[in-house]
Colleague: 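Below is a structure I'd like to ask you about.
This is a predicted model, so every value here is computed, not measured.
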Amino acid sequence: MNIPFILFFVCALLAVAGAVMLILAREPIHSALALVLVMMSLAVLYLLLGAEFIAAVQIIVYAGAIMVLFVFVIMLLNAGVEERTDFSKIAKYAGLPLAFFLLLWIGHWLAHAPAGAVIANGGSAPTVAFSTVELSKQLFRPYLFPFEATSILILIAILGAWVLARKEE
Amino acid sequence: MEFISQHPVLVVSLVKIAVLLFIVMTALAYLTWAERKIVAHIQSRWGPYYVGAHGLLQPLADGIKFLFKEDVTPPVSDRLVYVLAPFLALSLALTAIALIPFGPPDVQVLGQSVFIVSNLDIGLLFLFAITSIGVYGVALAGWSSNSKYPLLGGLRSSAQMISYEVSLTISVVGVLLLAGTLNFNGIIKGQEGYWFHFIPRWHVVPQIVGFLCYITAAIAETNRIPFDLPEAETELVAGFHTEYSSFKFAMFFMAEYANMITVSCLATILFFGGWLSPFPDIWRWQLFLPGAGLLALGAYCAWDTVAEMRGIARIQLAVVTLLMLGGGAICLIPPVAAVIQGPFWFTAKVLAFLFFYIWLRGTLPRFRYDQLMSFGWKLLLPVSLANLVITAFVIILPLLRHG
Amino acid sequence: MIVPVSYYLVLSAILFGLGVVAFVFKRNVITIFMSIELMLNAVNLAFVAFARAHNQLDGLVFVFFVIVVAAAEAAVGLAIVITLVRNRESLNVERVNLLKF
């Protein structure tokens, strides 16, 4: 049990706890805060995997901008308490066991299939972090067209959000 | 003892964190004192002068007052979020200070650099990440207080913060293009050297527009005058922290000043050379500057002790005088003087920026909210973008010409 | 001994499954949107894990684009939610049933 393992299990537990709180929370604001918890623990997991730039971008963009947008909308719309929903019988008695068996089967495949072994071991070399300079070179040379296309996508999103949300005169 | 030699990283880091926390808390307390004194002198009055000599024990009195005040909890809509918000604000503000390098990395104890708590390769990006999460403290505080004024103040304040955050990040990218790295030590290393042998190669000279954009966006980001409409007293009672009392209010207060300190530290690192000295290295007399400065301050305190009338204040001033003279004498010893150069210049620059912040507070009127938002989106963002594009062109033009 | 990549993939599968459960069973429109963001995050984790397993940067580039597209989608989606609330006065997704037969 060394530090990476402990950190992984703590963050994995936090992420799953956040996801479960998202489902079980009565108020939407608690669901939003639970999702922020999930995103922060995922950022730490990205750091463990050596992707420092992606961890920083996850916090700045996802947790710091997108979730702030969600929180603003919840506050502005005064989203109230969630009504209790009745699970259908099929979902409770057939769905959950099926999901559990699906998870077991995926785990078995991951551990025993030949391609799975490569992925399962992961090697024992220490993690060398991905370099930000190399990542930016990838973004601006091979992937330049998608990069510029996403900027146009963001422009379209801004225009769409403005048109949809303005008051009808 | 062997625990220390087996785990040098852990032990040295813990000691550094403890010392840094102590220094930052004291600096926060005395920053409030300095603000009240300076704003008072700008307004032709004295400011706190009664509690200690020159009011120097005023922060202590304020701290005791905050601890013993009654903690009134209004009928909030959500207890968890109400209690969480000030903790979030303060812990994020203090975390940001851990990334700042206070001196050169080659001064070391047990193989760990003394003046740098953490040296991340993406230090600057991580600092912006912490600033982004800081918006939650304000928004959640405003919403959970279950009252009109905090809600409006919180929403306005967080909208202002996320608007100016964009200009803040873009105005810094010009510096990144010049430095080539996100690491703070790398950015400071890129500012070594001198033009014409006496003008330091600080980034403020080529990036003056970027610096002006940065400092404007930073003042808006920390909700200070002239951008503090969401928490102005005449407008919205106290904005998002209206319904907080005693210790939780003190936490918001401390978080605001800690943000101010962080932003000033960032400005000195990015634009003013961090811990580098403005004088060329061959001027050896600058080694004795910290010591001489402390001795001069000690002499002033000695004169003040003689001139002071009240007994208790006189004793306090005598203690301060002895500390300053002793510190000055220690700083004149050459090995200590060489080590203390980095932190001395860094502290001097940060103090200059904090004085500038407080000076602005005493002098300028505040923006109206719509003026504030249109300034942020319609003026500051295009100017930062233009600065970025022009900087990029200037850097890449020689490379294009040589093929 | 580093953490094996398959651990990250199992976590990603669990988070994705929880996102699907939240999507199916919740009735507040904004919570449904948040479950979509949860699913996207689980997928991001899988991408980064695979990038580490094969030691290539292309996984990270894709994660970057997924985050950007999620931002654009959240902006437009929340604008739609605001319009919905203006017209239907309720955030319950079962009230949006004019086209249901």
Colleague: How many angstroms lie between CG in C/Leu60 and CD in A/Gln138, if you round to the nearest 0.5 Å?
Modeller: 9.5 Å
Colleague: Can you measure from SG (A/Cys11) to OH (C/Tyr8) and round to the nearest 0.5 angstrom?
Modeller: 9.0 Å
Colleague: Can you tell me which of A/Ala32, A/Ser131, A/Pro142 forms the most heavy-atom pairs within a distance under 4.5 Å of chain C?
Modeller: A/Ala32
Colleague: Can you tell which part of A/Ala149 gets under 4.5 Å to a heavy atom of chain C, answering side chain, backbone, both or neither?
Modeller: neither
Colleague: Between C/Ile14, C/Val61, C/Val68, C/Val76, which has the largest tally of heavy atom pairs under 4.5 Å with chain A?
Modeller: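 Among C/Ile14, C/Val61, C/Val68, C/Val76, the one with the most close pairs to chain A is C/Val61.
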Colleague: Would you call the rings of A/Phe5 and C/Tyr7 parallel, tilted or perpendicular, taking 30° and 60° as the class edges?
Modeller: perpendicular
Colleague: Any idea which of A/Val163, A/Leu139, A/Leu153 has the most non-hydrogen atom pairs under 4.5 angstrom with chain C?
Modeller: A/Leu139
Colleague: Which one of C/Val48, C/Val69, C/Thr83, C/Val85 has the most heavy-atom pairs closer than 4.5 Å to chain A?
Modeller: C/Val48
Colleague: Indicate yes or no for a side-chain donor-acceptor contact from C/Arg52 to the backbone of A/Tyr46 under 3.5 Å, with no hydrogens or angles considered.
Modeller: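 No, C/Arg52 side chain to A/Tyr46 backbone: no donor-acceptor pair under 3.5 Å.
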Colleague: Report which part of C/Leu15 has an atom under 4.5 Å of a heavy atom belonging to chain A: side chain, backbone, both, or neither.
Modeller: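 It is the side chain, since no backbone atom gets that close.
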Colleague: Looking at chain C, which one of A/Val57, A/Leu135, A/Ile154 has the largest number of heavy-atom pairs inside 4.5 Å, strictly under?
Modeller: A/Leu135
Colleague: State the CG-CD distance between C/Asn28 and A/Glu27, to the nearest 0.5 angstrom.
Modeller: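 One gets 10.5 Å once the value is rounded to the nearest 0.5 Å.
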Colleague: Find the distance between CE (A/Met39) and CG (C/Leu38) and round it off to the nearest 0.5 Å.
Modeller: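 Spacing of CE (A/Met39) from CG (C/Leu38) equals 8.0 Å.
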Colleague: To the nearest 0.5 Å, tell me how far C/Leu57 CG sits from A/Tyr143 OH.
Modeller: 9.0 Å
Colleague: Measure C/Glu37 against the heavy atoms of chain A and call it side chain, backbone, both or neither at under 4.5 Å.
Modeller: both
Colleague: Heavy-atom distance under 4.5 Å to chain C: side chain of A/Phe8, backbone, both or neither?
Modeller: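 For A/Phe8, the side chain is the part near chain C, not the backbone.
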Colleague: Give, as side chain, backbone, both or neither, the part of A/Ile66 having an atom under 4.5 angstrom from any heavy atom of chain C.
Modeller: side chain
Colleague: Counting only non-hydrogen atoms closer than 4.5 Å, does A/Leu45 touch chain C with its backbone (N, CA, C, O), its side chain (CB onward), both, or neither?
Modeller: both
Colleague: Is there side-chain contact between A/Gln58 and C/Asn41, with heavy atoms separated by less than 4.5 Å?
Modeller: yes
Colleague: Counting only non-hydrogen atoms closer than 4.5 Å, does C/Glu89 touch chain A with its backbone (N, CA, C, O), its side chain (CB onward), both, or neither?
Modeller: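 No part of it gets close to chain A.
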Colleague: Answer with side chain, backbone, both or neither: which region of A/Ile23 has an atom nearer than 4.5 Å to a non-hydrogen atom of chain C?
Modeller: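 Backbone plus side chain of A/Ile23, per the 4.5 Å heavy-atom cut-off to chain C.
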Colleague: Do you know the tightest heavy-atom contact between C/Ala71 and A/Val61?
Modeller: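 Shortest heavy-atom separation between C/Ala71 and A/Val61 comes out as CB-CG1, 4.4 Å.
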Colleague: Which bit of C/Val24 is near chain A, if near means a heavy-atom gap under 4.5 Å: side chain, backbone, both or neither?
Modeller: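 It is neither, since no heavy atom gets under 4.5 Å.
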Colleague: For C/Met34 versus A/Pro28, what's the shortest heavy-atom pair and its separation?
Modeller: CE-O, 3.8 Å
Colleague: Looking at A/Ala51, A/Ala15, A/Gly160, A/Pro146, which has the largest count of heavy-atom pairs under 4.5 Å with chain C?
Modeller: A/Pro146
Colleague: What are the two closest heavy atoms between A/Leu164 and C/Arg86, and how far apart are they?
Modeller: O-NH1, 4.3 Å
Colleague: Please report the shortest heavy-atom distance between C/Ala75 and A/Ala161, naming the atom on each side.
Modeller: O-CB, 4.0 Å
Colleague: Counting heavy-atom pairs under 4.5 Å with chain A, which one of C/Val63, C/Ile82, C/Leu11 comes out on top?
Modeller: C/Leu11
Colleague: To the nearest 0.5 Å, tell me how far A/Thr150 OG1 sits from C/Phe65 CZ.
Modeller: 5.0 Å
Colleague: Based on non-hydrogen pairs under 4.5 Å, which of A/Val38, A/Ile158, A/Leu102, A/Val16 is most in contact with chain C?
Modeller: A/Val16
Colleague: Pick from A/Phe147, A/Phe72, A/Phe53: which one has the most heavy-atom pairs with chain C under 4.5 Å?
Modeller: A/Phe147
Colleague: What residue in C/Ala13, C/Ser35, C/Ala70 has the most heavy-atom pairs under 4.5 Å with chain A?
Modeller: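 Greatest number of close heavy-atom pairs with chain A: C/Ala70.
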Colleague: Walk me through whether A/Leu42 and C/Asn44 qualify under side-chain contact (heavy atoms from CB on, under 4.5 Å).
Modeller: CA-CA 9 Å; A/Leu42 280 183; C/Asn44 276 346; over 6 Å; no
